Engineer: 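Sending over a structure as structure tokens; questions will come in a sec.
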There are 2 protein chains.
Amino acid sequence: MDTALKALAEPRRREILKLVWATELPASLIAASFDDVTRSAISQHLGVLRDAALVVERRDGVHRMYRANRAEMKRVRRFLEEYWDDSLERLRDVAESAHREKGIPNE
Amino acid sequence: MDTALKALAEPRRREILKLVWATELPASLIAASFDDVTRSAISQHLGVLRDAALVVERRDGVHRMYRANRAEMKRVRRFLEEYWDDSLERLRDVAESAHREKGIPNE
DNA sequence: CACTTACGTAAGTGTCAACTAACTTATTTC
DNA sequence: GAAATAAGTTAGTTGACACTTACGTAAGTG
């Protein structure tokens, strides 16, 4: 999960992900849509996304077709939503117990 | 926004954020809840979170009290949700998305 | 005022990440 | 089978980052 979040923290990779969200694309086309970076860099980004399971690869002759792994994306999304929503209650106790243990001044 | 995402990609900082989500805490207590890292490291993490506006600082005598900036967190959350949803929208526009569902691994 | 507490900041270190350039491997075409 | 195309891979560079130790500083305390 951490791998996925880190992968998403990079703007270039988010851009790639958007490209292959709805359509399957070969690496060459993905790389071609970035003019300020080499094909190699994109290939490496694709590797990171693949390792994070955010993207799936399928070989088609000389091409490697990529598309977003929406199942995994959903997992990330759920994780974050639980993070926002659950943190409040779940951690109030932790904070308060720490409060007591260390004996913080005033309040 | 990119600053915020990057800040969130670091597990330690997510942990800190959780701590100050529901309760305002002084830096010392926050640091005290991590035993494998120095106070200085936590201070620096707090600086990153502050720069990303994910956390607000309030001075109270010798203490610097921190709490999560929920407004900013909401912004990040919205950004991500638009990210998912915009892309999903595009997906809907792709006519063959329905039959492509069948080829999707796991889930 | 000396002392302590609660913090930030500076400087230095090791590691990792993004990138380029060059090379390799697989596939199709002639 | 040689050449061309598509893509991954490796080596090396640069910069960022998480961290530590050491020091600085503001606020309270005897």
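Note on naming: letters A, B, ... go to the chains in the order of the sequence lines (proteins, then strands), and numbering restarts at 1 for each one. Please read these numbers as outputs of a predicted model, since none were measured by experiment.
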Engineer: Does A:Glu81 offer a backbone N or O that forms a donor-acceptor pair with the side chain of B:Arg77 under 3.5 Å?
Structural biologist: no
Engineer: Of all the nucleotides listed (C:dC7, D:dC19, D:dA7), which has the minimum atom distance to the side chain of A:His63?
Structural biologist: D:dA7
Engineer: Using a distance-only criterion (donor-acceptor N/O pair, under 3.5 Å, no hydrogens), is the base of D:dC19 paired with the side chain of B:Gln44?
Structural biologist: yes
Engineer: Can you check whether B:Met1 reaches B:Val76 side chain to side chain, under 4.5 Å on heavy atoms?
Structural biologist: yes
Engineer: Set out, in order, the CA-CA distance, both residues' side-chain angles and the distance that settles salt bridge (Lys or Arg N to Asp or Glu O under 4.0 Å) for A:Arg75 and A:Glu72, then state yes or no.
Structural biologist: CA-CA 5 Å; A:Arg75 269 197 58 228; A:Glu72 185 64 18; 3.0 Å; yes
Engineer: OP1, OP2 of D:dC19 versus side-chain N and O of B:Thr38: anything below 4.0 Å?
Structural biologist: no
Engineer: Is the shortest side-chain N/O distance from B:His45 to OP1 or OP2 of D:dC19 below 4.0 Å?
Structural biologist: yes
Engineer: Quick check: do A:Met73 and A:Leu17 have side-chain heavy atoms less than 4.5 Å from each other?
Structural biologist: yes
Engineer: If a protein heavy atom is under 4.0 Å from the base, mark B; if only from the sugar-phosphate, S; if neither, -; do that for nucleotides 25-30 of chain D going 5' to 3'.
Structural biologist: --SS--
Engineer: Should the side chain of A:Arg39 and the base of D:dG8 be counted as holding a donor-acceptor pair, with the cut-off at 3.5 Å?
Structural biologist: yes
Engineer: Tell me what B:Tyr66 touches on the nucleic acid: a base, only sugar-phosphate, or nothing, going by heavy atoms under 4.0 Å.
Structural biologist: sugar-phosphate
Engineer: Treating B:Arg14 as the side-chain partner and B:Leu8 as the backbone partner, does any N or O pair qualify as donor plus acceptor under 3.5 Å?
Structural biologist: yes
Engineer: Is A:Ser40 side chain donor-acceptor paired with the C:dA21 base, going by distance under 3.5 Å alone?
Structural biologist: yes
Engineer: When you look at A:Arg59 and A:Glu57, which way does the salt bridge (Lys or Arg N to Asp or Glu O under 4.0 Å) test go after all the steps?
Structural biologist: CA-CA 7 Å; A:Arg59 307 207 179 187; A:Glu57 180 204 302; 3.0 Å; yes
Engineer: Do any side-chain nitrogens or oxygens of B:Ser43 fall under 4.0 Å of OP1 or OP2 in C:dG8?
Structural biologist: yes
Engineer: For residues B:Trp21 and A:Tyr83, establish whether the separation of their ring centroids is below 6.0 Å.
Structural biologist: yes
Engineer: For A:Ala53, does its backbone N or O pair with a side-chain atom of A:Asn69 as donor and acceptor, under 3.5 Å?
Structural biologist: yes
Engineer: Looking at D:dA7, I'd like to know if its phosphate oxygens (OP1 or OP2) sit under 4.0 Å from a side-chain N or O belonging to A:Ser28.
Structural biologist: yes
Engineer: Any idea which of C:dC19, D:dT21, D:dG8 is nearest the A:Ala27 side chain?
Structural biologist: D:dG8
Engineer: Report which part of the nucleic acid B:Val48 touches: base, sugar-phosphate, or nothing (heavy-atom distance under 4.0 Å, all strands).
Structural biologist: nothing
Engineer: So how far is it from B:His45 NE2 to B:Arg50 CZ, rounded to the nearest 0.5 Å?
Structural biologist: 13.5 Å
Engineer: In residues 1-13 of chain B, what residues come within less than 4.0 Å of DNA chain C, judged by heavy atoms?
Structural biologist: none
